[in-house]
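The figures that follow rest on heavy atoms only: side chains count, while hydrogens, waters and symmetry mates do not.
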Amino acid sequence: GNIRGGLTARIPALTRDPGPAVRAAALRAAAIAGAGGEGIVEAVAERLTDDHAVVRRLSAEALASWRTNAAPALPALRAAWTNEPARPRG
């Protein structure tokens, strides 16, 4: 099989790994692989509410990089945006 196809198929499961470093790596791979794989948009959108800020940021960045292909994730993005606590600037 195709290495990229094999990785793409594993991304949804890897985004749910107990380790935040694994989830972060999966999100970086998802951003590169694109939104075309089965369940990728949904899996990445689920990480918008992750306990780790880096994972949340990588999720949002991956979705943003996919532009209109991430349209199914818009409700999750809106919810994450309104639920994100304000942070001091500077």
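Checked against side chain to side chain contact (heavy atoms under 4.5 Å, CB included), E46 has the following partners two or more places apart in sequence or in another chain: R16.
Among all heavy-atom pairs drawn from L63 and A45, the shortest one is CD1-CA, 4.0 Å.
Looking at heavy atoms from C-beta onward, V44 lies out of side-chain contact with L58 at the 4.5 angstrom threshold.
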List the steps, then state whether side chain to side chain contact (heavy atoms under 4.5 Å, CB included) holds for V55 with R47. CA-CA 7 Å; V55 174; R47 299 286 47 95; 3.9 Å; yes
For residues 21-36, tabulate all N or O donor-acceptor pairs below 3.5 Å that involve a side-chain atom, not counting sequence neighbours.
unit_1 : atom_1 : unit_2 : atom_2 : d
R23    : NE     : D50    : OD2    : 2.8
R23    : NH1    : D17    : O      : 2.9
R23    : NH1    : P18    : O      : 2.9
R23    : NH2    : D50    : OD1    : 3.0
R23    : NH2    : D50    : OD2    : 3.4
R23    : NH2    : H52    : ND1    : 3.2

